[in-house]
Asks: 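Below are the structure tokens for one structure; questions will follow.
Along the sequence shown, residues are numbered consecutively beginning with 1.
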Amino acid sequence: MANLQAQNEEFRFSNTIEITPNDTKETIVNKAAHIVPTPNQLSALQNEFIAFIHFGPNTFTRMEWGNGMEDPKIFDLKELDTDQWCEAMKAAGMKMVLLTVKHHDGFVLWQSRYTTHGIMSTGFKDGKGDILKDLSESCRKYGLKLGIYLSPADLYQIENPEGLYGNLSKYTKRTIPREIPGRPFKNKTKFEFVVDDYNEYFLNQLFELLTEYGPVHEVWFDGAHPKRKGGQTYNYPAWKKLIKSLAPKAVIFGREDIRWCGNESGKTRKTEWNVIPYMENPDTTSYFPDMEAEDLGSREQLYKGKYLHYQQAETNTSIREGWFYRDDTRQRVRSADDVFDIYERAVGGNSTFLLNIPPNREGRFSDTDVKVLKETGERIKETYGTNLLKGAKGPKEVLEEKSNTYLKVTQPIILTLNSPITFNRLLLQEAISTNGERVEEHAVDAWINGTWKEIAHASNIGYKRILRFPEITTEKIRIRITASRLTPAISHISAHYYQSRPPQLGCQRDAEGKVTIEPLKQEFNWKAHGENIANNLNAGFKIYYTTDGTEPDENSSVYTAPFQMDKGELKAVSILNHQKGAVLHEQMGLVKKNWKLLAASSEATKSEATKAFDANPRTYWMSEEKAPHFIAIDLGQTESLNGFAYTPQKEHAKGMMAKGNIQVSTDGKNWQKIEEFEFGNLINDPTKRFHYFNKEVKTRYIRIEATEIAANGKIVSIAEIDLF
């Protein structure tokens with residue numbers, strides 16, 4: 001095994017270790033190999049898949065960030081079904097839920113003693129509702145852990161003339177909690193802190209949250225600040241002392257326990273080290289900057305630090321386009337493919353997956369969201385509920401289902417099956433709680449036709465690494481650690497099979513006539529993560545196509561790169577393990593290379609109108625408010641036309657051609673109407689529409705005029721125009 005460092009166990013295992021000026025590079029790496037998670041951090045990692053809930057005035061105003069000046073009655077909730085939330089989260093395989101009990105607007109979702117800006121000032125249950133209480137009871141019923149998101153930023157306390165945030169109050173000794181007549185606490189614990197008004201307010205609310213709603217397992221502090229005032233600072237040491245005392249099993253997000261992954265898109269790093277360097281002691285500092293770099297914990301990064309610390313990442317994103325619910329028509333929802341792919345990359349990449357599901361204005365998860373959650377949970381269970389290495393021969397420390405056993409690896413691990421298995425996932429775990437993160441590179445081989453063949457390789461392992469690859473059938477597997485920090489300890493290895501699916505396809509043709517075929521990308525226009533989901537989940541599929549209208553199969557042309565195609569009928573299909581996906585059928589119109597724009601509704605729109613020729617559905621033109629709305633095209637030569645296709649501009653959807661007419665010309669100046677067209681239900685179904693002429697038309701000049709516009713009656717938007 002190459003590049004394995006000699007064993008050196010001169011250091012004690014610790015959550016944080018200081019780097020001294022005289023430490024050599026080898027010493028620093030040895031110290032890094034002795035960094036371990038706390039019991040709370042390990043427990044949080046073992047949650048793996050957890051939920052976020054954003055709910056509040058923004059749900060009703062359809063805003064992502066409120067301004068703090070909203071009338072609480074805007075939160076016009078009539079019904080609430082937290083059991084439905086928990087049932088769906090449980091079905092997804094989640095183990096904990098974090099509720100945003102106070103977002104940046106300062107509106108609170110529980111019956112706080114210290115403000116009236118919240119649920120107590122709404123009509124919900126005549127002001128006596130308590131969403132956190134209902135959720136905590138549902139969590140106990142469904143066996144889910146509970147966490148809270150309490151925003152340090154508070155626009156209500158900033159904007160309110162009597163607000164406490166940044167009011168320049170003096171730091172004095174305060175008793176937490178502050179007693180409120182008629183609202184005594186069952187928990188009689190008292191704290192004394194030297195704080196200002198806002199920190200006292202914040203600590204009083206933390207006390208309520210951590211003592212009156214059952215065990216809290218995570219406290220989430222967002223670093224976002226829409227606005228600041230009065231040089232307000234936070235007394236984090238006081239917050240930390242109160243949390244550690246009242247919620248001893250809780251981890252703190254945004255501080256020393258858990259860090260932000262660096263994005264909100266579901267993007268994951270290829271190598272996510274949880275042993276990372278700090279310039280200040282993370283056990284005592286109040287400064288925890290966002291870490292967005294791709295490389296956080298390589299050897300080169302470790303050498304730059306003054307402290308080494310275990311701090312795991314939470315991969316947080318939303319199931320919808322946005323953190324808060326807006327609607328069920330324009331606000332798109334991630335596919336189950338997307339959510340499952342993020343799950344495998346996040347949980348299988350040494351982090352925790354935190355997925356936001358925003359309740360709707362009826363106090364429920366929308367049906368679309370529930371469907372995705374249930375399908376994701378079914379895939380997780382089907383894939384990882386069965387260990388295909390059960391009964392295999394090899395080191396028992398890595399094969400048995402025990403969390404406290406591990407194998408110190410000094411040579412390749414070979415696992416032998418009684419009979420061949422077919423698998424496409426391999427799961428590896430290190431004994432991080434006792435031996436730290438040590439593996440830097442590893443590879444997996446399968447015994448194929450009498451020889452070892454490498455089927456996968458990756459960098460670190462840490463808490464968990466899921467390797468994904470095209471399915472392999474073998475009776476012998478070999479795991480090689482090719483680089484490490486001291487001697488690594490592997491605690492678990494299991495093999496699994498994911499039921500890969502041939503992806504649905506889509507295609508595009510550019511103005512030159514070049515056709516690109518690729519897996520259909522989900523329409524999700526919010527913080528794109530850039531991952532190729534089909535390649536990640538369904539490795540090994542091939543695309544076959546025909547251009548003569550015949551059905552494609554494994555004997556058809558294999559798609560390897562964009563190809564030239566004139567007008568005609570394209571059909572394509574993806575095939576994986578002899579299983580066919582849905583057939584793509586696309587009627588290709590005239591190549592647009594020589595098209596020229598003659599005129600549009602106004603001079604101002606001509607440059608935009610030309611983009612309707614470029615076969616890029618993300619571009620569009622819009623006419624001005626003056627009618628008639630039209631586009632006139634010179635095809636470059638006389639063509640025989642049988643119809644046209646119109647693709648609405650879905651991303652902006654500011655106006656779609658519901659009705660219109662087709663005109664032709666012999667000189668590009670004088671126009672003759674040949675027929676009318678009509679496209680129904682564009683608002684609910686803004687897909688590509690076709691209109692075929694009653695009889696073939698020969699012309700060089702064509703004019704398309706809109707006479708009725710859906711969604712917005714003053715402008716027209718077009719993604720593409722095609723002519724057949």
Asks: Does K374, at its NZ atom, have more than 12 non-hydrogen atoms belonging to other residues, nucleotides or ligands within less than 6.0 Å?
Replies: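 Incorrect, the count does not exceed 12.
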Asks: Checking the side chain of S556 only, and the main-chain atoms of D553 only, is there a donor and an acceptor separated by less than 3.5 Å?
Replies: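 Side chain of S556 to backbone of D553, a donor-acceptor pair under 3.5 Å: yes, one is there.
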Asks: Set out, in order, the CA-CA distance, both residues' side-chain angles and the distance that settles side-chain hydrogen bond (donor to acceptor under 3.5 Å, both in side chains) for N661 and Q663, then state yes or no.
Replies: CA-CA 7 Å; N661 60 66; Q663 303 168 20; 2.8 Å; yes
Asks: Would you please name every residue forming a salt bridge (Lys or Arg N to Asp or Glu O under 4.0 Å) with D327, sequence neighbours left out?
Replies: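 Salt bridge (Lys or Arg N to Asp or Glu O under 4.0 Å) list for D327, sorted by chain: empty.
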Asks: Give me the ring orientation class for H691 and F644: parallel if the planes are under 30° apart, tilted from 30 to 60°, perpendicular past 60°.
Replies: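 The rings of H691 and F644 sit tilted, inter-plane angle from 30° to 60°.
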Asks: Is there a salt bridge (Lys or Arg N to Asp or Glu O under 4.0 Å) between K381 and E378 once you walk through the steps?
Replies: CA-CA 5 Å; K381 187 175 181 180; E378 288 168 2; over 6 Å; no
Asks: Name all residues meeting the ring pair (Phe, Tyr, Trp, His ring centres under 6.0 Å) criterion together with F55; count only those two or more places apart in sequence or in a different chain, and write none if there are none.
Replies: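 For F55 the ring pair (Phe, Tyr, Trp, His ring centres under 6.0 Å) partners, ignoring immediate neighbours, are F75, W85.
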Asks: Specify the closest pair of heavy atoms between P358 and R320, including all atoms of both residues, with the distance to one decimal.
Replies: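 Nearest pair, atom of P358 first, then R320: CG-CD, 3.7 Å.
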Asks: Step by step, work out the side-chain hydrogen bond (donor to acceptor under 3.5 Å, both in side chains) result for N577 and E471.
Replies: CA-CA 9 Å; N577 303 325; E471 67 178 47; 2.9 Å; yes
Asks: Strictly distance-based, threshold 3.5 Å: is any side-chain N or O of Q672 a donor or acceptor partner for the main-chain N or O of S665?
Replies: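 Not a single qualifying donor-acceptor pair exists.
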Asks: Check whether N360 reaches the backbone of E362 with its side chain - one donor and one acceptor, N or O, closer than 3.5 Å.
Replies: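 Flag set: sc N360 to bb E362 pair under 3.5 Å.
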Asks: Can you see which heavy atom on S265 is nearest to which on R334, and at what distance?
Replies: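 Taking every non-hydrogen atom into account, O-NH2, 3.2 Å.
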Asks: Treating D510 as the side-chain partner and G513 as the backbone partner, does any N or O pair qualify as donor plus acceptor under 3.5 Å?
Replies: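 A pair under 3.5 Å: yes.
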Asks: Report yes or no: does T647 contribute a side-chain atom to a donor-acceptor pair with the main-chain N or O of A719 at less than 3.5 Å?
Replies: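 No, T647 side chain to A719 backbone: no donor-acceptor pair under 3.5 Å.
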Asks: V573 vs I543, test: side-chain contact (heavy atoms from CB on, under 4.5 Å). Steps then yes/no.
Replies: CA-CA 6 Å; V573 68; I543 297 173; over 6 Å; no
Asks: Any donor-acceptor pair under 3.5 Å linking the side chain of Q522 with the backbone of V333?
Replies: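 Yes; judged by distance alone, with no hydrogens or angles, the pair exists.
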Asks: Begin with the C-alpha distance, continue with both residues' side-chain angles, and end with the deciding distance and a verdict on salt bridge (Lys or Arg N to Asp or Glu O under 4.0 Å) for D341 and R468.
Replies: CA-CA 11 Å; D341 176 54; R468 307 188 286 190; 3.0 Å; yes
Asks: For R364, enumerate each residue passing the side chain to side chain donor-acceptor pair (under 3.5 Å) test, keeping only those at least two apart in sequence or located in another chain.
Replies: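 So R364 forms a side chain to side chain donor-acceptor pair (under 3.5 Å) with D81.
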Asks: Under the side-chain hydrogen bond (donor to acceptor under 3.5 Å, both in side chains) rule, what pairs show up with a residue in residues 51-64, not counting sequence neighbours?
Replies: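 Pairs touching residues 51-64 that pass the test: H54-N356.
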Asks: Quick one: list whatever passes ring pair (Phe, Tyr, Trp, His ring centres under 6.0 Å) with F541, sequence neighbours left out.
Replies: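 None.
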Asks: Does E87 pair with K90 as a salt bridge, N-O distance under 4.0 Å?
Replies: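 No, no charged N to carboxylate O under 4.0 Å.
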Asks: Give a yes or no on this: more than 12 heavy atoms of other residues, nucleotides or ligands lie within 6.0 Å of atom CE of M63.
Replies: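 No, the 6.0 Å shell around CE holds no more than 12 heavy atoms from other groups.
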Asks: Donor-acceptor pair, D667 side chain versus N670 backbone, under 3.5 Å?
Replies: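 Present.
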Asks: E264 and T317: which non-hydrogen atoms are nearest, and at how many Å?
Replies: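 For E264 and T317, the tightest heavy-atom pair comes out as O-OG1, 2.7 Å.
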Asks: So does R703 pair up with E705, basic N to acidic O under 4.0 Å?
Replies: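 Here R703 pairs with E705 in a salt bridge, since their nearest N and O are under 4.0 Å apart.
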Asks: Apply side-chain hydrogen bond (donor to acceptor under 3.5 Å, both in side chains) to the pair N538 and N535, showing each step before the final yes or no.
Replies: CA-CA 5 Å; N538 309 313; N535 283 348; over 6 Å; no
Asks: Assess the residue pair F49 and L354 against the criterion (side-chain contact (heavy atoms from CB on, under 4.5 Å)); give the C-alpha distance rounded to whole Å, side-chain angles, the decisive distance to 0.1 Å, and a yes or no.
Replies: CA-CA 6 Å; F49 189 18; L354 173 58; over 6 Å; no
Asks: Between K371 and D367 (salt bridge meaning N to carboxylate O under 4.0 Å), is one present in this structure?
Replies: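 Looking at D367 together with K371, the answer is no, because their closest N to O distance does not fall below 4.0 Å.
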Asks: For the pair K698 and E639, find out whether any cationic side-chain nitrogen is under 4.0 Å from an anionic carboxylate oxygen.
Replies: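 So K698 does not pair with E639 through a salt bridge.
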Asks: Among residues at least two apart in sequence or on other chains, which ones pass salt bridge (Lys or Arg N to Asp or Glu O under 4.0 Å) with R361?
Replies: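 If we apply the salt bridge (Lys or Arg N to Asp or Glu O under 4.0 Å) test to R361, skipping adjacent residues, there are no hits.
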Asks: May I have the step-by-step check of ring-ring contact (aromatic ring centres under 6.0 Å, His included) for Y497 and F423, ending in yes or no?
Replies: CA-CA 5 Å; Y497 182 76; F423 69 114; 9.2 Å; no
Asks: Is a side-chain donor or acceptor of E569 paired with a backbone partner of E586 at a separation under 3.5 angstrom?
Replies: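 No, because the side chain of E569 does not come within donor-acceptor range (under 3.5 Å) of the backbone of E586.
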Asks: Examine distances only and state if a side-chain atom of E375 and a backbone atom of A336 form a donor-acceptor pair shorter than 3.5 Å.
Replies: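 It does not hold such a pair.
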Asks: Show every ring pair (Phe, Tyr, Trp, His ring centres under 6.0 Å) that has at least one partner inside residues 551-583, sequence neighbours left out.
Replies: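 Residue pairs passing ring pair (Phe, Tyr, Trp, His ring centres under 6.0 Å), neighbours aside: Y545-F563.
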Asks: When E720 is tested against each of R509, K592, K688 for salt bridge (Lys or Arg N to Asp or Glu O under 4.0 Å), which residue passes?
Replies: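 Single salt bridge (Lys or Arg N to Asp or Glu O under 4.0 Å) partner of E720 among R509, K592, K688: K592.
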Asks: I'd like to check the salt bridge (Lys or Arg N to Asp or Glu O under 4.0 Å) partners of E554; sequence neighbours left out, ordered by chain and number.
Replies: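 Checked E554 against salt bridge (Lys or Arg N to Asp or Glu O under 4.0 Å); zero matches.
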Asks: Of the non-hydrogen atoms in I702 and L641, which two are nearest, and what is the gap between them?
Replies: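 For I702 versus L641, the nearest heavy atoms are CD1-CD1, 3.9 Å.
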Asks: Might you work through the side-chain hydrogen bond (donor to acceptor under 3.5 Å, both in side chains) test for D338 and H529, ending with a clear yes or no?
Replies: CA-CA 10 Å; D338 196 358; H529 51 54; 2.9 Å; yes
Asks: Taking all non-hydrogen atoms of both residues into account, name the closest pair between T546 and P552 and its distance.
Replies: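 Scanning both residues, the minimum pair turns out to be CG2-CA, 4.0 Å.
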Asks: Is there a donor-acceptor contact under 3.5 Å from the side chain of H103 to the main chain of D105?
Replies: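 Side chain of H103 to backbone of D105, a donor-acceptor pair under 3.5 Å: no, none is there.
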Asks: Do the ring planes of W323 and W526 sit parallel (below 30°), tilted (30 to 60°) or perpendicular (above 60°)?
Replies: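 Ring orientation, 0 to 90° scale: perpendicular.
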Asks: If you look at every heavy atom in S500 and N424, which pair is closest and at what distance?
Replies: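 Scanning both residues completely, I find the closest heavy atoms to be OG-ND2, 3.6 Å.
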Asks: With sequence neighbours left out, write down each residue that passes side chain to side chain donor-acceptor pair (under 3.5 Å) with N642, or none if nothing qualifies.
Replies: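 Once residues adjacent in sequence are excluded, N642 has no partner under the side chain to side chain donor-acceptor pair (under 3.5 Å) criterion.
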Asks: Could you list the residues that satisfy ring pair (Phe, Tyr, Trp, His ring centres under 6.0 Å) with Y498, not counting sequence neighbours?
Replies: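 Per chain and number, Y498 pairs via ring pair (Phe, Tyr, Trp, His ring centres under 6.0 Å) with F340.
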Asks: Take R345 and N536 through the side-chain contact (heavy atoms from CB on, under 4.5 Å) test and state the conclusion after the steps.
Replies: CA-CA 9 Å; R345 287 188 286 107; N536 289 346; 4.0 Å; yes
Asks: If the test is side-chain contact (heavy atoms from CB on, under 4.5 Å), which one of M656, K659, E678 qualifies with E708?
Replies: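 Going through M656, K659, E678 one by one, the side-chain contact (heavy atoms from CB on, under 4.5 Å) with E708 is satisfied by K659 alone.
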Asks: Could you list the residues that satisfy ring pair (Phe, Tyr, Trp, His ring centres under 6.0 Å) with Y701, not counting sequence neighbours?
Replies: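 Residues passing ring pair (Phe, Tyr, Trp, His ring centres under 6.0 Å) with Y701: none at all.
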Asks: Please indicate whether H457 has more than 12 foreign heavy atoms, meaning atoms of other residues, nucleotides or ligands, lying under 6.0 Å from its NE2.
Replies: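 Incorrect, the count does not exceed 12.
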Asks: Check this for me: E294, atom CD, are more than 12 non-hydrogen atoms of other residues, nucleotides or ligands nearer than 6.0 Å?
Replies: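 It does: E294 CD has more than 12 such atoms within range.
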Asks: What pairs with E551 under salt bridge (Lys or Arg N to Asp or Glu O under 4.0 Å), at least two apart in sequence or on another chain?
Replies: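 So E551 forms a salt bridge (Lys or Arg N to Asp or Glu O under 4.0 Å) with K571.
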